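Here the structure is a predicted model, which means the values were calculated and not measured.
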Amino acid sequence: MSTPFICRQCIARLTQSRVKPVKLKLNRPQLHTQAVSTSVLQPTWGLPEKQRREPSVEHEDTRDPAPQSSSYSLQVSQSPRDESVVVETPQWHGHLKKFIPRRQADVKAVAHELRVTNSQDLKLKILHCLGNYEIVREDLMLIYGLSREEARHAVKQLERLLWACHSRVEAAERLDLFHTWKKNFNELLHMAKGSHLTTKPDAGPTETDDETHTTKQDVETVKDVWHRLSQERRENLWPQMMVSAFRSNPRTLCALVQATFHASWCPSYAVEDLVYLLFRTLDNVQGRRSRHQQVTELIFFLLENCPPRYLVLEQMTIQKVISWLPTSRVVELYEALKRVETPLHPNTMLQFASRLARESKYKVQAADVVHSLSNMPGFDINTPAAASVCTTLLTVKEGELPGDHAAPDELFKMLLDAGFRPNILSLTALMRNFCVRGRVEIAWSIFNLLIERGNEPDGYVFSTLLNGSKRSLDVKFLQRSVDMIEAHKAWSSHLVNDLLDFIYQENESQNERRRSQRKRTTARAWRMMVRLYAKFFDLAPLQKVTLFPLENLLAPGTNNGTPAHLKQVDQIISTLPPRPDALLMQPDALTLVLMLRAHFRTIDNPIPLQAYYRRIRKLLYKRDRTVVNLIKDKGSWIYDIFLRDFLQFGQTFEGGIRMVQNMHDQAKREKERGENILHPPPSVHTYTILMNGLRNHGHTQGVITALNTMIKEGIEPNIVTWNTVIGALLREDHLEDAVRVMRYLKHIGLESNDRTVREVKCLTRHQRRRLTSLLKNLKTRAVDFSDERSFAKSLLGIWEKRESDEENADRMSPKTFRKIFMGGSEIEGSSTTSADGTQDDGRTQDTTNGL
């Protein structure tokens, strides 16, 4: 015979309810029962009294207590086998009782009554806040001497510190540790602000290395000892050790934190305050990039080794780190902050998006940040700051094209989905984005949309479309742009400059193998540019820097023989009416540079170039306003034009090299007296032109010497400069060194372009196979690149090993080149005082006469 088996859950429910006797038959089991076979009389199972729940507050329990047992076992109550089991069930009277929550005292009123005069009062008030710790912000400022922003962050720290406390005793213990740390933080904060902190000036290389080596030894010793301690000992010692380290030598704090940090024994509020203190110390140390790098690496270390929601950095701290990091590491910082779920303010996220949107390579990541912002409650993407970021996202720099994954139409669609309402600035940026990509027709479609919306186009819109026509060299779009500008009477110096540059670029795009033929076509393009110039600008400023009357080019019949590729452009220019003399504009510096650049390209003899150089120098020393403004606005541009043309001829080749050295010396002397105005230093374009001329004349060692010189002067080479180096090395069959340069470019984040590919295509088939093999071998081998200056210096080792290659009678000797370029005695002569009070050395005057 079987007896019913009732589970514990049902028994607990039955024992807690008001009962009404109900007889149940054994042959109809209820409440998850099942039959259990047995051969003896089985009792009814019940729970011991200690395991039962308390009786309900709604009903009184009138049952007799069950017998207790000393062990955790089910009690048995005997009953005859044939008797029915009596089970009590609750009765419902048909009425629902209203739920009334327990009334709590007004937290703000209670907290307001508690006056805080010491730490004990503060702790008591915090415990009465019941999670609303904003009430104690003023008290935190009073007791710990914090600023309003520091107190706000301390409130957030209290919320995370007391969130998981199960009792007031545990909360009080945590508050005692928090109070001890904040008292020390107040002292350290005064030190960080500079009242007691003394900073040393920048040390030399040897001193810095010794200090770093000593610090590493100390940290390794501390790390060994630290891991031998128990967990409890580490928790007690870590805050005290950080305070002592900051008092003695804050420079060792970053390494010490990295050696001893672990989230299980390091309070999060202490780690956050240490980072804040380190940033405050950096405010008093100017120009210490190494210190900035140490603190930045510490933040990356903490983000990589802390659990989610452990570390909450100040928003100003994050924004400072963004300003210090290169863009590639800004992406890493954003991903690390997302991984540890650090809360980011919308303004901080806009800083991330703005920084990433400036470079074409990271526009997709910037779009992701903007998309995340659009999903935040209360964020308005059409505020001025957010709209500016969106415009930057759609803008493309000169010569930098993002990949297909950052197509402007996709970016624009994403912004529209996020609720962005484009204005004329954002639409113009989108038009320019398409123009840079060569899709001028889409830019014109956007322009038509802009007109349909009732927006009045401005000069920047016209310049964007005219630039798009110039990039694609499409005469049809040029005609459309000119007609539109003429209809709106919107001609300005910038628009005329774009049209002048179109003529020059259209002529330069023609492949003329013979130099004489190129010079003739350029001369005809120059005449066309003069006619266009005379319709809009005053002729006097340009006449001042030219050696012949410009009216000769404007006489009737002088525009015969227009080249075929410029006939349509000539027709467009002919239809433009000339301005009255009273409405003629004054040319700006860019206008004069464009005209002189085109004119010098027509000269096929170095003697006129020498005469022009002497004229410009003479006007400069007389402080002629036109030339002074030209130098002040465009820097070394006019010298770059002369340098390019000097390096084309053997007679003026060495003079061009000396001109660069004289630019450097005169700029240095002028800088000592103040600001560079009349004598700009050589720019990256100057050195690139010089290196290209040296390469064309076969002076590969001179190319590497010029590279080292510009890096030593603090000028960063661009991709055009490095392509010149690669081409020079490949021409001299230094394939392994060329591959090293390619690997270095990838290391510093520069991508090869079409010019790099053209340099490789100039090699023979055998050289290309060798180059491919070297690239494959170096890809599998780890390369430790040093800094840029050391890498450029290592390239000179080629000639240190091959001294015999330097002896070539047909070329200028490397010894002579170094003496000329590096400031040897050959360029140091007697000095003469110019009209402006500056001193010009005798070698410059001799060079001018010789040129």
Does the pair [X]/[Y] count as a salt bridge with the N-to-O cut at 4.0 Å?
{"X": "Glu508", "Y": "Arg601", "answer": "yes"}
{"X": "Asp665", "Y": "Lys668", "answer": "no"}
{"X": "Glu672", "Y": "Arg669", "answer": "no"}
{"X": "Arg597", "Y": "Asp501", "answer": "yes"}
{"X": "Glu297", "Y": "Arg329", "answer": "yes"}

List for me each residue that meets ring pair (Phe, Tyr, Trp, His ring centres under 6.0 Å) alongside Phe600, sequence neighbours excluded, and say none if there are none.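 Testing Phe600 for ring pair (Phe, Tyr, Trp, His ring centres under 6.0 Å), a comparison that skips the adjacent residues, returns Tyr612, Phe642.
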Tell me, please, which residues at least two apart from Trp722 pass ring pair (Phe, Tyr, Trp, His ring centres under 6.0 Å).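 Applying ring pair (Phe, Tyr, Trp, His ring centres under 6.0 Å) to Trp722 gives Tyr744.
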Tell me, please, which residues at least two apart from Ser472 pass side chain to side chain donor-acceptor pair (under 3.5 Å).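 Listed in chain order: nothing, the list is empty.
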Is it true that a side-chain atom of [X] and a backbone atom of [Y] form a donor plus acceptor pair closer than 3.5 Å?
{"X": "Arg789", "Y": "Lys712", "value": "no"}
{"X": "Arg524", "Y": "Pro563", "value": "no"}
{"X": "Lys363", "Y": "Ala357", "value": "yes"}
{"X": "Thr602", "Y": "Ala523", "value": "no"}
{"X": "Gln666", "Y": "His679", "value": "no"}
{"X": "Ser773", "Y": "Arg769", "value": "no"}
{"X": "Ser794", "Y": "Phe791", "value": "yes"}
{"X": "Asn708", "Y": "Ala792", "value": "yes"}
{"X": "Arg355", "Y": "Leu325", "value": "yes"}

If you measure only the distance, is there a donor-acceptor pair under 3.5 Å linking the side chains of [X] and [Y]?
{"X": "Thr686", "Y": "Ser683", "answer": "yes"}
{"X": "Gln767", "Y": "Asp733", "answer": "yes"}
{"X": "Thr721", "Y": "Asn718", "answer": "yes"}
{"X": "Asp498", "Y": "Ser463", "answer": "yes"}
{"X": "Asn692", "Y": "Thr724", "answer": "no"}
{"X": "Arg658", "Y": "Asn662", "answer": "no"}
{"X": "Thr522", "Y": "Asn507", "answer": "yes"}

Which atom names give the shortest non-hydrogen contact between [X] and [Y], and what distance separates them?
{"X": "Leu547", "Y": "Ala611", "result": "CD1-CB, 3.7 Å"}
{"X": "Pro408", "Y": "Leu394", "result": "O-CD2, 4.4 Å"}
{"X": "Leu690", "Y": "Leu647", "result": "CA-CD1, 3.8 Å"}
{"X": "Val331", "Y": "Gln365", "result": "CG1-CG, 4.2 Å"}
{"X": "Trp526", "Y": "Met595", "result": "CZ3-O, 3.1 Å"}
{"X": "Ile631", "Y": "Leu678", "result": "CG2-O, 3.7 Å"}

Between Arg740 and Glu736, does the salt bridge (charged side-chain N to carboxylate O under 4.0 Å, His left out) criterion hold? Intermediate values first, please. CA-CA 6 Å; Arg740 286 180 56 211; Glu736 186 172 352; over 6 Å; no
Could you point out which residue of Val330, Asp368, Leu356 forms a side chain to side chain contact (heavy atoms under 4.5 Å, CB included) with Tyr362?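 So, applying the side chain to side chain contact (heavy atoms under 4.5 Å, CB included) to Tyr362 and each of Val330, Asp368, Leu356, only Leu356 qualifies.
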Would you please classify the geometry between the Phe653 ring and the His697 ring as parallel, tilted or perpendicular, with 30° and 60° separating the classes?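 Plane angle between 30° and 60°, so tilted.
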Aromatic contact between Tyr687 and His664, with the criterion being ring centroids under 6.0 Å apart: yes or no?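 That pair fails the under 6.0 Å test.
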Side chains of Thr395 and Asn433: closer than 4.5 Å at any heavy-atom pair?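 The answer is no; the side chains never approach within 4.5 Å.
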Looking at CD1 of Ile638 and CZ of Arg617, how far apart are the two atoms once the value is rounded to the nearest 0.5 Å?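 It comes to 12.0 Å.
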